[in-house]
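The structure under discussion appears below in the form of structure tokens.
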Amino acid sequence: MTAAKEHQTTRRRAPSMSPERRREMIIQTAIPLIAEYGAAVTTAKIARAAGIGEGTIFRVFADKDELLQACVAEALSPEHAVRELDAIDVSQPLPERLTEAADALQAHMARMGAVMGSLGHRGGKHPGTVRGASRTESTTRIRAALVELLEPDRAALRRPPEQIAALFFGLLFTQPRTGDEPDLTPKELVEVFLHGALSGGAE
């Protein structure tokens, strides 16, 4: 057998994806395109970015609207944020843990805002239950992950970890913006949260 024939014989087609895995791949490809183009994004553009034929999209989604709704659901889902929070090393000092948490949650909120804003959901309004998680349930899951990050320092906290987690989560979502000052970095936000508005030298 020649080398060329042997290569043709041994070369095998890559295993096909399951429908669920293909859906996930298409959604992950589509989200940044939706954030950029909004509902005007075409399934042809999504297919090209995913490296698949346009018809493949319609084998796992009934139509473009279903794909857009799946992308909204994914953007609002707390799954990714919770995984990132769970992966933070709790042996680190508390400021480092909360800085990583702030960074992860700000990225989560930016992703939500980009997708919802591009599709015309003003203010990033949560459209209701998605992937089995309502807005309240999503918030509860993220807060629970924050509590786990705070738990090692329970004795040093002024309030129970559950209340501190709620305050921290609220600060992230309501950080005020000013026209002449840059937004706080995650590290700066955590410093203000843990130590207040006074500088270190103030008594």
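For the ring pair (Phe, Tyr, Trp, His ring centres under 6.0 Å) test, no residue two or more places apart in sequence or in another chain qualifies with Phe58. Looking at residues two or more places apart in sequence or on another chain, you find no side chain to side chain donor-acceptor pair (under 3.5 Å) involving Arg22. Scanning for salt bridge (Lys or Arg N to Asp or Glu O under 4.0 Å) contacts around Arg143 gives an empty result, with sequence neighbours left out. Residues meeting the side chain to side chain donor-acceptor pair (under 3.5 Å) test with Arg21, sequence neighbours left out: none. The side chain to side chain donor-acceptor pair (under 3.5 Å) check on Glu96 picks up nothing, with sequence neighbours excluded.
Sequence neighbours left out, not one pair with a member in residues 101-111 passes side chain to side chain donor-acceptor pair (under 3.5 Å). Residues in residues 164-174 take part in no salt bridge (Lys or Arg N to Asp or Glu O under 4.0 Å) pair, two or more places apart or across chains. Listed by first and then second residue, the side chain to side chain donor-acceptor pair (under 3.5 Å) pairs involving residues 146-165 are Arg97-Asp153, Glu151-Arg154, Arg159-Gln163 (not counting sequence neighbours).
The structure places CZ of Arg23 at 12.0 Å from CD1 of Ile57, a figure rounded to the nearest 0.5 Å. Atoms CD and OG1, on Glu137 and Thr140 in that order, are 7.5 Å from each other to the nearest 0.5 Å.
Hydrophobic cluster membership is shared by Leu184 and Leu171, with clusters built from Ile, Leu, Val, Met, Phe, Trp and Tyr side chains linked at under 4.5 angstrom. Both Phe173 and Leu150 belong to a common hydrophobic cluster when Ile, Leu, Val, Met, Phe, Trp and Tyr are linked at side-chain heavy-atom distances under 4.5 angstrom.
In terms of heavy atoms, Met112 sits closest to Ala75 at CG-O, 3.1 Å. For the pair Val115 and Cys71, the tightest heavy-atom approach, listed with the atom from each and the gap, is CG1-O, 4.5 Å. The minimum heavy-atom distance linking Leu98 with Phe168 is given by the pair O-CZ, 3.6 Å. The minimum heavy-atom distance between Val60 and Pro19, with the atom names listed, is CG1-O, 3.8 Å.
The closest donor-acceptor contact from the side chain of Ser77 to the backbone of Ala73 lies at 3.5 Å or more, if one exists at all.
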Show every donor-acceptor pair shorter than 3.5 Å between a side-chain atom in residues 28-39 and any protein atom, with sequence neighbours excluded, or say none if there are none.
residue, atom, partner, partner atom, Å
Gln28, NE2, Glu24, OE2, 2.9
Gln28, NE2, Glu74, OE2, 3.3
Thr29, OG1, Met25, O, 2.9

Quick one: side chains of residues 85-94, donor-acceptor pairs under 3.5 Å with protein atoms, not counting sequence neighbours, listed by atom name and distance.
residue, atom, partner, partner atom, Å
Asp89, OD1, Ser91, N, 2.9
Asp89, OD1, Ser91, OG, 2.7
Asp89, OD2, Ser91, OG, 2.9
Gln92, NE2, Asp89, O, 3.2
Gln92, NE2, Glu100, OE2, 3.0

Can you give me every donor-acceptor pair (side chain of residues 40-48, partner residue at least two apart or in another chain, under 3.5 Å) with its distance?
residue, atom, partner, partner atom, Å
Thr42, OG1, Lys45, N, 3.0
Thr43, OG1, Glu54, OE2, 2.5

Can you give the donor-acceptor pairs under 3.5 Å from side chains of residues 188-198 to other protein atoms, not counting sequence neighbours?
residue, atom, partner, partner atom, Å
Glu188, OE1, Thr185, N, 2.9
Glu188, OE1, Thr185, OG1, 3.4

Report the C-alpha distance between Leu146 and Leu105 in whole Å, list the side-chain angles of each, state the deciding distance to 0.1 Å, and finish with yes or no for side chain to side chain contact (heavy atoms under 4.5 Å, CB included).
-> CA-CA 10 Å; Leu146 287 172; Leu105 291 177; 4.2 Å; yes
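Side-chain contact annotation: Ser138 with Arg141, donor-acceptor N/O pair under 3.5 Å absent.
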